[in-house]
K.L.:
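One structure, pasted below without further comment.
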2 protein chains.
Amino acid sequence: MKLNTKSRYAVMALADMSKFSRKKPISLRDISLRQSISLLYLEQIFLKLKKNNLVKSTRGTNGGYVLIKDPNEIKLSEIFLALDEKVKTLGCNKESKKGCNGKFTKCITHNLWDELESHINTFFENKKLSDLIKINQNRI
Amino acid sequence: MKLNTKSRYAVMALADMSKFSRKKPISLRDISLRQSISLLYLEQIFLKLKKNNLVKSTRGTNGGYVLIKDPNEIKLSEIFLALDEKVKTLGCNKESKKGCNGKFTKCITHNLWDELESHINTFFENKKLSDLIKINQNRI
DNA sequence: TATATACCCGACTAAAATAGTCAAGTATTG
DNA sequence: CAATACTTGACTATTTTAGTCGGGTATATA
């Protein structure tokens, strides 16, 4: 079980912004250098963050991105949502009229994965971007 | 984020055994039919479960597998361990002398993923195989 | 003792997901 | 008008996943 890099980089980049941001825009180039993330990849990520109203952009020289909300108002769950990264623990398809394993009944472990999913989602619901900065004062 | 099928099938198969088992061995063929899991794949999975002392086997006609411990003594964490399925949330390499992102410092989100990892592991530590059966009396 | 059943084990592979890159822009500032 | 920086979709190499395949070995029962 692993989280994908896009989600991880998104959190990393937004944490970076929370830490370094004042009012003026931060360029992806700066984030790229500080966090060692490919610039081209960051662009892809920020496009989604923008579409989901987590950041806004300013073009041109001295342009860049700014957080729309305060770091202590940004839940990690929002970030994952923006990147379409869902905590998906099930093998079975909830939407389907069929149950799991192609049968019409739910599989024996169905409830378990549901529980786990909530367990993890709760974690991300309760975690704010600002929490990361507090713990990591001494980190780049 | 997703769990792999091997782990899911392992839990499913062991839950099946907990439910249907008395003293006599259960063949993979039966589990395969009841849970709609490929027989060949189950063999692969049970090899690992056996090596890790979760089940023991009897060969030949009427052979099969038996749980070594009681379902209420088998933690889900043990099952994942048997399949080398680790809850891996980090992008950085803990073992390396370097930190994350090829730098010597830990990345800004390092602690976060550590926390999540513990959060999930705790869930699996506290969950027993027997718990699945209780909830799923009415399931196959 | 023959035969069917069922475990044992390593190697292989098609398909999907991941982690990016690339090309070709557009907008803004200095 | 040049440099900077965001915008967007398409493309692709690599890795992982989710299995299959082939060729065993051991045992029970007829």
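Only heavy atoms go into these numbers, but all of them, side chains included; no hydrogens, no water, no symmetry mates.
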K.L.:
Name every donor-acceptor pair, under 3.5 Å, that has one atom in a side chain of residues 54-68 of chain A and the other anywhere in the protein, sequence neighbours excluded.
P.N.:
| residue | atom | partner | partner atom | Å |
| --- | --- | --- | --- | --- |
| A:Ser57 | OG | A:Lys50 | NZ | 3.0 |

K.L.:
For A:Lys6 and for A:Leu40, find the nucleotide of DNA chain C with the closest heavy atom, then tell me which residue's nucleotide is more 5'.
P.N.:
A:Lys6
K.L.:
Nearest whole angstrom, please: distance from the C1' of C:dC9 to the CG of B:Leu49.
P.N.:
15 Å
K.L.:
OP1 or OP2 of D:dT17 less than 4.0 angstrom from a side-chain nitrogen or oxygen of B:Thr5, does that happen here?
P.N.:
no
K.L.:
Without decimals, in angstroms, what is the distance between B:Asn4 CG and D:dG19 C1'?
P.N.:
12 Å
K.L.:
Nearest to the side chain of B:Tyr41 - C:dT21, D:dC6, D:dG19?
P.N.:
D:dG19
K.L.:
Whole angstroms only, please: what is the CG-P distance between B:Leu39 and C:dC9?
P.N.:
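Checked: the CG to P distance equals 16 Å.
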K.L.:
Are OP1 or OP2 of C:dC8 and a side-chain N or O of B:Tyr65 less than 4.0 angstrom apart?
P.N.:
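Yes, within the criterion.
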K.L.:
Quick one: which of C:dA6, C:dA19, C:dC8 gets closest to the side chain of B:Arg29?
P.N.:
C:dA6
K.L.:
What residues, two or more places apart in sequence or in another chain, satisfy salt bridge (Lys or Arg N to Asp or Glu O under 4.0 Å) together with B:Lys69?
P.N.:
B:Glu78
K.L.:
Hey, does the side chain of B:Ser57 come within less than 4.0 Å of C:dC8's phosphate (OP1/OP2), counting only N and O?
P.N.:
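For C:dC8, OP1/OP2 do have a side-chain N/O of B:Ser57 under 4.0 Å.
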K.L.:
Using only heavy-atom distances, decide whether a donor-acceptor pair under 3.5 angstrom links the side-chain of B:Gln44 to the base of D:dT20.
P.N.:
yes
K.L.:
For every nucleotide of nucleotides 25-30 of chain D, 5' to 3': is a protein heavy atom under 4.0 Å from its base (B), only from its sugar-phosphate (S), or from neither (-)?
P.N.:
BBBBS-
K.L.:
Report the nucleotide, chosen from D:dG19, C:dC8, C:dA19, that has the shortest atom-to-atom distance to any side-chain atom of B:Tyr9.
P.N.:
D:dG19
